[in-house]
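Positions are given from 1 along the sequence. Atoms considered below: every heavy atom in the structure, side chains included; atoms not considered: hydrogens, waters and symmetry mates. Atoms within each ligand, like the ligands themselves, are counted from 1 in listed order.
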Amino acid sequence: MTSRSSVSHGERAKCHPNALARRLFAIAETKQTNITVSADLTTTRELLSIAEALPSTLPLLANSGSFAALGPYIAVFKTHIDIISDFTSDTTDQLQRVAEKHNFLIFEDRKYIDIGNTVQKQYRGGALRIYDWAHIINASVLAGEGIIDALSQTIENGEERDRGILILAEMTSKGSLATGEYTKASVEIARKHKEHVIGFVATRQLSADTRSDEAVPGEDFLIFTTGISISSKGDALGQQYQSPASAMERGADFLIVGRGIYSGSDPVASAKAYRDAGWKAYLSRLEGST
Ligand code: 5BU
């Protein structure tokens, strides 16, 4: 199996072979949330404000009348750090402090997709220094297995112990080509790199997506599902949504929600609504499997 959807987060927190995955399941269990907020905001202030309210101008939360922010309701905070217009290393230093305080992980949705030599430089260096602050990154295997070798090597040789990779096995955009053989290859490559590949970005459980179709005992890949909305079916640019309940039924472990949370007038209320819907669906999945 590639996702152990009938096993509780608490159990997986105890048994998972990867330390970062254990930490994430423990966070989910403690905070009773499987929500990853996709904080696709474009300034440092907005990014930090949505993670944790800042004392002065809060444009994004101004209408909510609330100074609470999302930190307490999420397990993971997903960034696209290259869309931040005023990025400095202070942006991510501060984000790391908020992550420690509110006990969530940071996932940089960088979607690495190049030869190994290039992705190592993109991951470790440059202006963004993603390795230094992001617990989780993701990569496409379109370019072959070398990309995962390269990113694993960076993690292996680095000083941080809590770093993990998700393979982009599927995408939610209309007409996505990340299907079929590509998705199968994603699973097979993940199996060869279990040390640092903790799971997939996918819209469903991938246990049947292998060429050999063999269940591997003890295997426990995490499924992160994007394209989640309670109220919308899609956007004008090809995004396609499913509900929290549908994603959980299909085998998601963590639900990634962007505009459903941050674009309304009260992001905190929305985050709570997604957390409640996601957690309820998770509990019914567990009950259904007993
Ligand atoms: P939304 O506002 O909930 O639609 O944002 C979804 C986020 O997830 C956004 O950051 C995308 O870049 C990201 N995403 C996605 O939507 N679909 C995918 O297949 C992958 C990532 Br991979």
Side-chain angles (χ1 to χ4, degrees), residues 34-43 46-47 50-51 60 70 73-84 95 105-113 119 128 130 134 136-143 147-148 151 164-180 182-183 185-187 189-190 197-206 209 221-248 250-265 267 270-271 273-275 277-278:
N34 47 31
I35 297 299
T36 293
V37 67
S38 181
D40 299 333
L41 304 158
T42 54
T43 65
E46 285 177 312
L47 190 78
I50 199 105
L60 213 86
L70 307 186
Y73 313 108
I74 59 169
V76 182
F77 190 87
K78 184 174 86 62
T79 53
H80 279 299
I81 211 68
D82 59 347
I83 65 175
I84 302 290
L95 184 58
L105 299 185
I106 306 172
F107 167 12
E108 165 57 25
D109 188 2
R110 173 63 181 74
K111 301 184 180 71
Y112 292 102
I113 182 165
V119 296
L128 303 176
I130 291 168
I136 303 171
I137 50 160
N138 55 0
S140 162
V141 293
L142 187 68
I147 189 168
I148 304 298
L151 295 169
I165 305 165
L166 297 173
I167 294 183
L168 214 53
E170 290 184 322
M171 290 199 67
T172 55
S173 36
K174 202 165 175 226
S176 163
L177 305 178
T179 58
Y182 169 87
T183 305
S186 301
V187 175
I189 292 172
V197 173
I198 58 170
F200 304 101
V201 180
T203 64
R204 63 197 166 84
Q205 224 241 88
L206 298 178
D209 289 63
F221 289 120
L222 283 63
I223 302 287
F224 278 72
T225 299
T226 54
I228 301 292
S229 176
I230 287 175
S231 57
S232 170
K233 291 273 166 259
D235 70 10
L237 296 173
Q239 174 68 300
Q240 303 173 114
Y241 290 119
Q242 59 175 324
S243 68
S246 147
M248 294 303 293
R250 287 159 58 98
D253 295 311
F254 292 91
L255 304 175
I256 301 180
V257 188
R259 285 163 287 182
I261 290 179
Y262 70 76
S263 69
S265 60
S270 302
Y274 278 92
R275 180 193 62 170

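Considering both main-chain and side-chain atoms, Gln239 comes within under 3.5 Å of ligand 1 through a nitrogen or oxygen pair. Checked against a 3.5 angstrom limit, the closest N/O atoms of Ser173 and ligand 1 fall outside it. Considering backbone and side-chain N/O atoms, Tyr262 never comes within less than 3.5 Å of an N/O atom of ligand 1.
From the protein, the heavy atom lying nearest to atom 12 (O) of ligand 1 is His80 NE2, 2.9 Å. Protein heavy atom closest to atom 3 (O) of ligand 1, with residue, atom name and distance, is Gly258 N, 2.9 Å. Ranking the protein heavy atoms by distance from atom 21 (C) of ligand 1 puts Lys111 NZ, 3.5 Å first. The protein atom (non-hydrogen) at minimum distance from atom 1 (P) of ligand 1 is Tyr241 OH, 3.5 Å. Looking only at heavy atoms of the protein, atom 7 (C) of ligand 1 is closest to Ser38 OG, 3.4 Å. Ranking protein heavy atoms by distance to atom 19 (O) of ligand 1, first place goes to Thr172 N, 2.8 Å. Annotation: atom 5 (O) of ligand 1 to nearest protein heavy atom, Asp40 OD2, 3.9 Å. Counting protein heavy atoms only, atom 22 (Br) of ligand 1 is closest to Leu168 CD1, 3.0 Å.
Residue Met171 touches ligand 1 through backbone and side chain together, judged by heavy-atom distances below 4.0 Å. Under 4.0 Å from ligand 1, the heavy atoms of Asp109 that appear belong solely to its side chain. No part of Asp235 comes within 4.0 Å of ligand 1, judged by heavy-atom distances.
Close approach of ligand 1 to Arg259 (heavy-atom distance below 4.0 Å) involves ligand atoms 1 (P), 2 (O), 3 (O), 4 (O). The Val201 neighbourhood of ligand 1 comprises atoms 22 (Br), with distances under 4.0 Å to a heavy atom of that residue.
Looking at Thr226, Ile228, Thr36 and measuring to atom 8 (O) of ligand 1, the nearest heavy atom belongs to Thr226.
Put simply, CZ on Phe254 and NZ on Lys78 are 15.0 Å apart, with the number rounded to the nearest 0.5 Å.
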Going through the distances and angles, do Phe200 and Phe221 end up as a ring-ring contact (aromatic ring centres under 6.0 Å, His included)?
CA-CA 7 Å; Phe200 304 101; Phe221 289 120; 5.1 Å; yes
Apply side chain to side chain donor-acceptor pair (under 3.5 Å) to the pair Asn138 and Asp109, showing each step before the final yes or no.
CA-CA 6 Å; Asn138 55 0; Asp109 188 2; 2.7 Å; yes
